[in-house]
Amino acid sequence: MTKKFTYSVVAPIYNEIGIVDEFCKRITDVMDSTGEEWELVLVDDGSSDGSTERIRELASVNKNIRPVIFARNFGHQIAVTAGLDYARGEAVTIIDADLQDPPEVILDLIEKWREGYQVVFAVRAEREGESWFKKFTASLFYRIIFRITDVKIPLDTGDFRLLDRKVVDVMNSMRERHRFLRGMSAWIGFKQVGVEYKRAARFAGETKYPFNKMLKLALNAVTGFSYFPLQVASYFGFASAGLAIIAIPVVAILRMTGTQFFGGQATTLIAVLFLGGVQLISLGILGEYIGRLYDEAKGRPLYIVSEAPEDE
Ligand code: UDP
Ligand code: MG
C-alpha cells in the first residue's frame with residue numbers, strides 16, 4: 001500500500017549545486033509549519049555539477065525528500081512531469097528550485113486549496129533581478145500565447161502552482177511529448193484561482209532557460225494549443241489571390257492604354273520572391289506540426305529514470 005500524504009512539493013533541479021541545501025531547508029521549514037505529512041520530490045534533470053550526489057545525501061538524512069534521478073537532461077517541463085508522476089500528495093505544488101518562487105508562498109496556495117480551489121496558480125506581480133530583455137520577452141510571450149491559443153492561459157503565470165490530486169491524475173493521463181504544463185492545467189478546468197506574489201531574484205547560479213529554450217517552450221505552447229499558425233497560410237493565400245484578382249485587370253488596362261509602369265523584371269522578381277517566401281514559411285509551419293506528429297507516433301517514454309525513489 002503506498003503511503004498517503006497531504007502535501008507534495010515537486011521541484012526540478014538542473015545544475016543547482018549552490019542552491020539545493022538552502023532550498024531543502026526553506027521547504028522543510030515551511031512544510032513543517034503546516035503540521036501535516038509532506039514530501040519533497042526532487043527531480044534531478046541530468047545535472048553534472050554534483051547536484052545529484054548532494055540530493056542523494058540530503059535524501060538520506062531527510063526522509064521527506066524523495067529523489068528522482070534522470071538518465072540525462074530532459075528539460076524543465078519533463079522534469080516537472082516526472083515529479084507529478086511520483087508525487088503522492090493530496091495537494092501537489094510545483095516550484096522552481098532556485099528560490100525565485102519563495103517557498104513561503106506555498107502557504108498562501110494551500111489556504112486557497114483549503115477554500116476549495118483545485119488549481120491555485122501564483123501570479124508574478126513583480127519580478128526582481130532579471131534583465132529587461134528577459135522580462136520583456138516573457139511579458140510578450142504571455143500576451144501572444146493568450147491571444148492566439150484557444151485556452152485562456154492566465155497572464156504572467158509560470159509553473160509555480162498548487163494542483164489538487166484530481167487535477168494531477170488528469171494531468172498524468174495526458175502523455176503528450178511537447179509539454180506546456182501551465183496550458184495543460186488551464187485546459188483541464190475545475191475551480192481555478194490566482195494568488196499574487198513577488199518573484200525574487202535567483203538565490204545563486206544562472207538561469208537555465210536561455211533564449212533558445214524559451215523559444216522552444218513558446219513553440220510548444222503555440223502548437224500544443226492552437227491551429228493559428230496553420231491558418232495563417234490560408235489567410236495569406238486568400239490575401240494574395242484577392243490582390244491578384246484586382247491587379248490582373250488593372251495591369252491589363254494599363255498595358256492597353258500604353259503605360260509602361262509595370263514593365264521590367266523587378267516587379268516579377270519581387271512578386272516571385274514574396275510568394276516564394278510565404279510558401280516556404282508555410283511549409284516550415286507545416287513541418288513543425290508534422291515533426292510533432294512524428295514524435296508522438298514514435299511513442300517513446302517521456303523520460304528515463306536512472307534512480308527512482310522507493311515506495312514505502
Ligand atoms: N531546470 C531543469 N532542467 C532544465 C532547465 C531548468 O530542471 O533543462 C530547472 C532549474 O534547475 C530550476 C527550474 O527548472 O529549478 C527553473 O529554471 P530557471 O530558474 O533556470 O528558469 P528561469 O526562472 O530563469 O525562467
Ligand atoms: Mg529561475
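All ligand and atom numbering here is 1-based and tracks the order in the structure.
If you look at V43 next to ligand 1, there are no close heavy atoms at all, none under 4.0 Å. At a heavy-atom cutoff of 4.0 Å, ligand 1 is contacted by the side chain of R199 but not by its backbone. Counting heavy atoms closer than 4.0 Å to ligand 1, residue E16 contributes side-chain atoms (C-beta onward) but none from N, CA, C or O.
Near-neighbour remark for the Mg ion (ligand 2): protein N, O or S atoms under 2.8 Å are D98 OD2, Q100 OE1; waters not counted.
Atoms of ligand 1 lying under 4.0 Å from any heavy atom of I13, numbered from 1 in the order shown and given with element: 7 (O), 11 (O). Listed by atom number, the atoms of ligand 1 under 4.0 Å from K208 heavy atoms are 5 (C), 6 (C), 18 (P), 20 (O).
Between the OG1 atom of T93 and the CE atom of M31 there is a distance of 6.0 Å, given to the nearest 0.5 Å. In this structure, the separation between CD1 on I27 and CD on E104 is 8.5 Å, given to the nearest 0.5 Å.
Between the side chain of K198 and the backbone N or O of R124 there is no donor-acceptor pair closer than 3.5 Å. Panel note: side chain R177, backbone R300; a donor-acceptor pair is recorded below 3.5 Å. Using a distance-only test at 3.5 Å, with no hydrogens or angles considered, a donor-acceptor pair links the side chain of S51 to the main chain of I17.
Taking the six-membered ring where the residue is Trp, Y197 and F160 present perpendicular rings, their angle passing 60° and hence far from 30°. By the 30° and 60° cut-offs, the orientation of the rings of Y303 relative to Y86 is tilted.
On a distance-only criterion, E206 and ligand 1 share no N/O pair closer than 3.5 Å.
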